[in-house]
Amino acid sequence: MRVRGVLTACLVVLTLWGAVQSTGGIINHGLSKEVICDGSDIDPEHEEVGPVMDGDDRCFPRFEDDYRTYEQQRDFQRGKHQDVVVGASCLGTGLAGMAGVSLTRRLRSRWGNGARAPGAQASFSDFRTR
């Protein structure tokens, strides 16, 4: 496999991983400014309230046995925000890299492979378009 093929495969994997990472962070409220409970939000009077948490509320997330306090849920969401940031940067890097590989391939096919005799100087005619 050529170097370009290996590089493209690595960039595709990086792009897909970035998309999955950022999507997971968004689903878990990583972009929310408020602390949101993804399950039952219980206030100090033991009544279930809306998804937006206050300072004394407890969150019983779906698919978990333990509860989270307001601070624990806020820290959880901050971690998910980091997932969004890292995923978006990996996604952007992968897409930019694939665009660069594609551009390089197109330019080489248009201008030739750039092979010249040893010691030959580049001239303007080497760079003109068809």
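Atom CZ of Arg62 and atom SG of Cys37 lie 9.0 Å apart (nearest 0.5 Å). Separating the NE2 atom in His29 from the CD atom in Gln77 is a distance of 6.5 Å, to the nearest 0.5 Å. The CG atom of Leu31 sits 5.0 Å away from atom CD1 of Ile26, with the distance rounded to the nearest 0.5 Å. Atoms CG and CD1, from Asp38 and Ile36 in turn, are 8.0 Å apart once rounded to the nearest 0.5 Å.
The minimum heavy-atom distance between Gln72 and Arg68, with the atom names listed, is OE1-CA, 3.2 Å. Cys90 and Gly18 get closest at one heavy-atom pair: CB-CA, 3.9 Å.
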Would you give me the side-chain donor-acceptor pairs under 3.5 Å for residues 80-87, sequence neighbours excluded?
| residue | atom | partner | partner atom | Å |
| --- | --- | --- | --- | --- |
| His81 | ND1 | Gly30 | O | 3.0 |
| Asp83 | OD1 | Gln21 | NE2 | 3.2 |

Please report, to 0.1 Å, the donor-acceptor pairs under 3.5 Å made by any side chain of residues 45-61, with sequence neighbours excluded.
| residue | atom | partner | partner atom | Å |
| --- | --- | --- | --- | --- |
| His46 | ND1 | Arg58 | NH2 | 3.3 |
| Asp57 | OD2 | Asp54 | N | 3.0 |

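Under a hydrophobic-cluster definition in which Ile, Leu, Val, Met, Phe, Trp and Tyr are linked whenever side-chain heavy atoms come within less than 4.5 Å, directly or via other members, Val12 and Trp17 are assigned to different clusters. Hydrophobic clustering of Ile, Leu, Val, Met, Phe, Trp and Tyr side chains at less than 4.5 Å, counting indirect connections, unites Met98 with Leu91. Cluster annotation: Leu16 and Leu11 are assigned to the same hydrophobic cluster (Ile/Leu/Val/Met/Phe/Trp/Tyr, side-chain heavy-atom contacts under 4.5 Å, transitive).
A donor-acceptor pair under 3.5 Å is formed between the side chain of Thr93 and the backbone N or O of Ser89.
Within the structure, the salt bridge (charged side-chain N to carboxylate O under 4.0 Å, His left out) test picks out no pair touching residues 16-37 (sequence neighbours left out).
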